[in-house]
Amino acid sequence: MTIHRNLRHEFPDTREAERVEAEGWSAVYAAAPPELALKTSEIAGATLLIAPSIDILAYNRVLSFGLNEVPHQKDLQEIIQTYASAGVGRFFLQLPPEADRDGISEMLYAQGFRPYNDWAKLRRGVADIPEFAVCADIRHATPADGPVYAEILIEAFDWTPELSGLLSCTIGKNGWSHYLALVDGEAAACAALYRTGTTAALAMAGTRPRFRGSGLQPALIRRRLLDCAGAGVQTVVTETGVDGPDHPSPSFRNMRKAGFELAYLRRNWLFEG
């Protein structure tokens with residue numbers, strides 16, 4: 001038997017940010033339509049998001065790897081086998097900087113992983129929430145809004161309509177809040193918020209292409225921050241792509257304008273079977 005050294009108290013801020021993300025996504029998978037066969041698993045303290053019917057890396061990835069336990073080769077082999085057994089051909093292993101210890105990169109390379117890109121984890125409190133001018137009516141989404149809510153995300157990310165039930169499955173669920181931004185009565189953008197204890201995560205958001213540049217996402221960020229402040233939340237986290245000349249990220253820029261600070265960059269290691 002391999003004995004892992006427990007790391008639960010070494011990286012409290014990073015662990016909390018990763019925990020909230022893993023908990024929120026696990027709730028999505030638990031509520032997803034059964035025909036999609038989504039599931040989660042835990043190996044060496046890491047959370048595996050497994051979506052064999054969805055070839056999108058955001059839905060097939062490993063969270064909190066190396067934060068709770070020191071990982072070993074056999075853990076990586078078990079992770080690879082778990083995805084392979086589920087019929088997933090490629091997935092991300094996301095490595096927070098605190099988990100990037102000596103020998104981890106070599107171990108990942110040896111098992112067939114390769115660096116792919118970085119995602120930014122951002123954090124802020126709930127004081128000094130900025131004002132954003134926007135001509136939109138923002139309201140909470142209800143389960144009856146599920147189809148239009150999902151339609152916005154499908155348009156925003158150019159995803160298949162078969163994901164509609166998944167994208168709206170947590171509307172009305174405990175811990176979740178969903179929002180619609182309406183322009184002249186039309187649902188133009190949407191966003192989600194997941195709260196647990198005194199921490200909250202800004203979850204998936206999207207804008208119909210023809211409404212981009214209208215300031216809808218900054219307005220949705222502000223609304224969620226205000227709701228967090230009113231609910232006793234102390235820390236709000238989120239993640240998005242890193243902004244750069246080759247891969248611009250409007251989401252990253254919106255978060256920075258809203259007062260989010262870069263907490264850390266998380267390296268995405270890609271495995272393709």
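FYI, the numbering just counts along the sequence from 1.
Put simply, the side chain of Ser177 never gets that close to the backbone of Leu193: no donor and acceptor are under 3.5 Å apart. Checking side-chain atoms of Arg266 against main-chain N and O of Leu63 turns up no donor-acceptor pair under 3.5 Å. With hydrogens and angles disregarded, a donor-acceptor distance shorter than 3.5 Å links the side chain of Arg224 to the backbone of Ala192.
Contacts of Asp100 classified as side chain to side chain donor-acceptor pair (under 3.5 Å), with partners at least two apart in sequence or in another chain: none. Shown here are the side-chain contact (heavy atoms from CB on, under 4.5 Å) partners of Val134, two or more places apart in sequence or in another chain: Ala136, Leu216, Ala219. Remark: Arg61 engages Glu21 in a salt bridge (Lys or Arg N to Asp or Glu O under 4.0 Å) (not counting sequence neighbours). Applying the side chain to side chain donor-acceptor pair (under 3.5 Å) rule to Ser164 yields no partners; only residues at least two apart in sequence or on another chain are considered. Residues forming a side chain to side chain donor-acceptor pair (under 3.5 Å) with Arg256 (at least two apart in sequence, or on another chain): none. Looking at residues two or more places apart in sequence or on another chain, you find a salt bridge (Lys or Arg N to Asp or Glu O under 4.0 Å) between Arg139 and Asp145. Partners of Tyr59 according to the side chain to side chain donor-acceptor pair (under 3.5 Å) rule, which considers only residues two or more places apart in sequence or in another chain, do not exist here.
With contacts defined as side-chain heavy-atom distances shorter than 4.5 Å, the pair Arg90/Asn60 does not qualify. With contacts defined as side-chain heavy-atom distances shorter than 4.5 Å, the pair Pro218/Lys257 does not qualify. Inter-residue side-chain proximity for Val28 and Tyr194 is flagged as unmet; no heavy-atom pair is nearer than 4.5 Å.
Leu220 and Leu122 fall within the same hydrophobic cluster, where Ile, Leu, Val, Met, Phe, Trp and Tyr residues are linked whenever their side-chain heavy atoms come under 4.5 Å apart, directly or through other members. One hydrophobic cluster holds both Ile221 and Val236 under the rule that ILVMFWY side chains link at heavy-atom gaps under 4.5 Å. One hydrophobic cluster, built from ILVMFWY side chains closer than 4.5 Å, cannot hold both Leu225 and Val237; they sit in different ones. Note on Ile171 and Leu167: same hydrophobic cluster, where clusters join Ile, Leu, Val, Met, Phe, Trp and Tyr whose side-chain heavy atoms are under 4.5 Å apart, directly or indirectly. Leu49 and Leu270 are members of different hydrophobic clusters when ILVMFWY side chains are connected at heavy-atom separations under 4.5 Å.
Within the structure, side chain to side chain donor-acceptor pair (under 3.5 Å) pairs that include any residue of residues 197-207 comprise Glu16-Thr199, Thr207-Gln217 (at least two apart or interchain). Counting only residues at least two apart or on different chains, the ring-ring contact (aromatic ring centres under 6.0 Å, His included) pairs with a member in residues 133-153 are His140-Tyr179, Tyr149-His178. Applying the side chain to side chain donor-acceptor pair (under 3.5 Å) test to every pair with at least one member in residues 125-135, sequence neighbours left out, gives these pairs: Glu131-Arg222.
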- Item | Test side chain to side chain contact (heavy atoms under 4.5 Å, CB included) applied to Thr238 and Arg124, step by step | CA-CA 9 Å; Thr238 191; Arg124 65 156 291 160; over 6 Å; no
Next item on the list: Show your working on salt bridge (Lys or Arg N to Asp or Glu O under 4.0 Å) between Glu272 and Arg114 and close with a plain yes or no.
Entry: CA-CA 9 Å; Glu272 295 181 289; Arg114 63 178 178 85; 3.6 Å; yes
Is there a side chain to side chain donor-acceptor pair (under 3.5 Å) between Glu78 and Thr82? Walk through the geometry before answering.
CA-CA 6 Å; Glu78 185 178 356; Thr82 298; 5.1 Å; no
Evaluate Phe260 against Leu202 for side chain to side chain contact (heavy atoms under 4.5 Å, CB included), listing each step before the verdict. CA-CA 11 Å; Phe260 280 83; Leu202 301 190; 3.6 Å; yes
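The line from CZ of Arg123 to CG of Leu262 is 9.5 Å long, rounded to the nearest 0.5 Å. Atom OG of Ser214 and atom CZ of Arg208 lie 13.0 Å apart (nearest 0.5 Å). Atom CG of Leu153 sits about 10.0 Å away from atom CG of Leu166, to the nearest 0.5 Å. We find the CZ-OG1 distance between Arg19 and Thr14 to be 13.5 Å, quoted to the nearest 0.5 Å. Rounded to the nearest 0.5 angstrom, Asn68 CG and Arg15 CZ are separated by 4.5 Å. The CZ atom of Arg223 sits 15.5 Å away from atom CZ of Phe132, with the distance rounded to the nearest 0.5 Å.
Leu38 and Ala51 make their closest contact through CG-CB, 3.9 Å (heavy atoms, listed as atom of the first residue, atom of the second, distance). Nearest heavy atoms, Arg195 versus Ala231: NE-CB, 3.9 Å. The two residues Ile154 and Pro161 come nearest to each other via the heavy atoms CD1-CA, 3.7 Å. Between Lys39 and Ala86, the shortest heavy-atom distance links the atoms CE-CB, 4.3 Å. Across every non-hydrogen atom of Ser26 and Thr47, the tightest pair is OG-CG2, 3.9 Å. Nearest heavy-atom pair across Ala110 and Gln73 is CB-NE2, 4.2 Å.
Chaining together hydrophobic side chains whose heavy atoms lie under 4.5 Å apart leaves Tyr264 on its own. Cluster partners of Leu93, by chain and number: Ile43, Leu48, Ile50, Val62, Phe65, Leu76, Ile79, Ile80, Tyr83, Val88, Phe91, Leu95, Ile104, Met107, Leu108, Tyr109, Phe113, Trp269, Phe271. The rule joins Ile, Leu, Val, Met, Phe, Trp and Tyr whenever side-chain heavy atoms lie under 4.5 Å apart.
Relative ring orientation between Phe157 and Trp159 is described as parallel, the plane-to-plane angle staying below 30° on a 0-90° scale split at 30° and 60°.
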